[in-house]
Amino acid sequence: MAICTQYYASKCNYEKAIDCYERAFAADTRRPRFQDALMGISDIYEIMGDNANAVKTYDRILDLLEHEWGLTEETDSAVTVAKKEKARLLAKSQA
């Protein structure tokens, strides 16, 4: 995954990089899955100026943390960090 996404991102072919991340995330059979691919997707959307999709991707991250990992804001700081990042992106998209 990393080589594919890094290659396309370095060529500014962000749609292909997102596609690589999406395919890698969907193909991951481990549960719970790591959030790295989703964070990469959100980062690329932000680079593209597509803050609405970056926010939607943070909704997916929060869903992953809460439902696959069983984490809550009260039990883990990763949820708090994800919520803060989502709020930052929301504010940026509304500016």
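Just so you know, residue 1 is the first one in the sequence shown, and it goes up from there.
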According to side chain to side chain donor-acceptor pair (under 3.5 Å), who are the partners of E22, at least two apart in sequence or on a separate chain?
R60
Residue pairs involving residues 4-20 (criterion salt bridge (Lys or Arg N to Asp or Glu O under 4.0 Å); sequence neighbours excluded):
D19-R23
Sequence neighbours left out, what passes side chain to side chain donor-acceptor pair (under 3.5 Å) with R31? Give chain and number order.
none
Are F34 and L38 linked, directly or through other ILVMFWY residues, by side chains that come within less than 4.5 angstrom of each other?
yes
Would you mind reporting whether Y58 and M39 have side-chain heavy atoms less than 4.5 Å apart?
yes
How close do S93 and A52 get, heavy atom to heavy atom, and via which atoms?
CB-N, 4.3 Å
Considering non-hydrogen atoms only, spot the tightest contact between Y8 and A17 and give its length.
CB-N, 3.7 Å
Could you report the tightest heavy-atom contact between I41 and T57, atom names first, then the distance?
CG2-OG1, 3.7 Å
Which of L71, L64, L65 passes side-chain contact (heavy atoms from CB on, under 4.5 Å) with E68? Answer is L64
With sequence neighbours left out, the residues meeting side chain to side chain donor-acceptor pair (under 3.5 Å) with D59 are K86
Partners passing salt bridge (charged side-chain N to carboxylate O under 4.0 Å, His left out) against E73 (at least two apart in sequence or in another chain):
K83
May I have the list of side-chain donor-acceptor pairs in residues 42-50 shorter than 3.5 Å, sequence neighbours left out?
residue	atom	partner	partner atom	Å
S42	OG	A54	O	3.3
E46	OE1	R88	NH2	2.9
E46	OE2	R88	NH1	3.0
E46	OE2	R88	NH2	3.0
E46	OE2	K92	NZ	2.8
D50	OD1	N53	N	3.2
D50	OD2	N53	ND2	2.8

